[in-house]
Amino acid sequence: MMSSTEELLKRLGVSIDAGTLRLALTHRSYAYENGGIPTNERLEFLGDSILGFSVTDALYRDNPDLPEGDLAKRRSAVVSTRALAGIGRSLGIGEYIYLGQGEKLTQGKNKASILADTMEALIGATYVSNDIETARQLVMRLIGPLLKDAAALGAGTDWKTSIQELAASRQLGSIHYAVDGSGPDHARTFTAVLHVGGTAYGKGSGHSKKEAEQEAAADAWRVLTGPGNPPGAATSAGSVPAT
């Protein structure tokens, strides 16, 4: 482990007993290479349910006039793998995960799926070591800012689909992603620029082409739905330079 778990608990703002915390950080690749010891998958299962309930409860209470479909879309946006991985990266969770050698070589500590799963396991571990209210408060600290962002943006988990629907409704033209990769094969980073009708509107990066394209689509959504681009507008205000 590269960092003290005390620092991790400080970042999370919770107490988790040592054994449960280690279990929450044990990826199946590490467990397989160490005699089939228990993995974090049961805690992940538990944390996923707590996460879903906590977010659903907050959305229901804070948006009394919002229909079910919109509530579901906002929930999907903030409990997605992309959203949870972003939180995990901001907390530096990757440095604490027990990974097998294969995952280490392929930069598993930066993979969105591994980070998201570990975040859910940590939520489950918080419940096991404390109670449901402590786990719910952790979820709200982590997810609360995203709930406001999701309400403002109004898009779901699949930003590429959302931007495609938006571009079609405004007749902005065809969509094209220009993707470049850099770095060694085991630690490549991808950068994507989203062009709509020949104009670059969004830019994103990630450890896979899909992740970079989703980031670019989300960035483009913010540009196209911002104050300078009301519904129906077909302007390139705020667009990024083409590359």
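Bear in mind the structure is a predicted one, so any value in this text is a computation, not a measurement. All values below come from the heavy atoms of this structure, side chains included, with hydrogens, waters and symmetry mates left out.
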Does [X] reach the side chain of [Y], with side-chain heavy atoms less than 4.5 Å apart?
X      : Y      : result
Leu172 : Leu224 : yes
Asp62  : Leu147 : no
Leu138 : Asn130 : no
Met140 : Ser54  : yes
Leu25  : Leu122 : yes
Pro38  : Leu23  : yes
Leu84  : Asp117 : no
Arg22  : Tyr98  : yes

Which pair of non-hydrogen atoms, one from [X] and one from [Y], has the smallest distance, and what is that distance?
X      : Y      : value
Ala212 : Gly206 : CB-N, 3.9 Å
Ser29  : Gly100 : OG-N, 2.9 Å
Arg61  : Asp57  : NE-OD1, 2.8 Å
Tyr177 : Ile175 : CE1-CG2, 3.8 Å
Ala220 : Leu194 : CB-CD2, 3.4 Å
Ala24  : Thr118 : O-CG2, 3.9 Å

With a 4.5 Å cut-off on side-chain heavy-atom distances among I, L, V, M, F, W and Y, is there a chain of contacts connecting [X] to [Y]?
X      : Y      : result
Leu51  : Tyr60  : no
Tyr32  : Ile114 : no
Ile132 : Met119 : yes
Ile37  : Ile97  : yes
Val55  : Phe45  : no

Exercise. Do Asp131 and Thr134 get their side chains close enough for a donor-acceptor pair, meaning under 3.5 Å?
Worked result: yes

Exercise. Does the side chain of Ser129 pick up a donor-acceptor pair with the side chain of Asp17 at under 3.5 Å?
Worked result: yes

Would you give the length of the straight line joining atom [atom1] of [X] to atom [atom2] of [Y], rounded to the nearest 0.5 angstrom?
X      : Y      : atom1 : atom2 : result
Asp180 : Thr191 : CG    : OG1   : 7.0 Å
Glu44  : Ser49  : CD    : OG    : 10.5 Å
Arg136 : Arg141 : CZ    : CZ    : 10.5 Å
Leu146 : Ile87  : CG    : CD1   : 4.5 Å
Asp48  : Leu43  : CG    : CG    : 12.5 Å
Leu46  : Asn40  : CG    : CG    : 12.0 Å

Check this for me: does any side-chain nitrogen of one of [X] and [Y] sit under 4.0 Å from a carboxylate oxygen of the other?
X      : Y      : answer
Lys10  : Glu6   : no
Glu213 : Lys210 : no
Glu95  : Arg11  : no

Seminar exercise, completed: Partner of Glu211 under salt bridge (charged side-chain N to carboxylate O under 4.0 Å, His left out), picked from Arg89, Lys160, Lys111, is Arg89

Problem set entry | Audit row: Asp70, Asn63, side chain to side chain contact (heavy atoms under 4.5 Å, CB included) steps and yes/no | CA-CA 10 Å; Asp70 289 341; Asn63 302 275; over 6 Å; no

For this session: For the pair Leu8 and Leu21, evaluate side chain to side chain contact (heavy atoms under 4.5 Å, CB included) and give the outcome as yes or no after the intermediate values.
Result: CA-CA 10 Å; Leu8 172 60; Leu21 178 58; 4.2 Å; yes

Problem set entry | Arg42, CZ atom: more than 12 neighbouring heavy atoms under 6.0 Å |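 No.
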
For this session: Report, as yes or no, whether the 6.0 Å neighbourhood of atom CD on Gln164 holds more than 12 heavy atoms from other residues, nucleotides or ligands.
Result: no

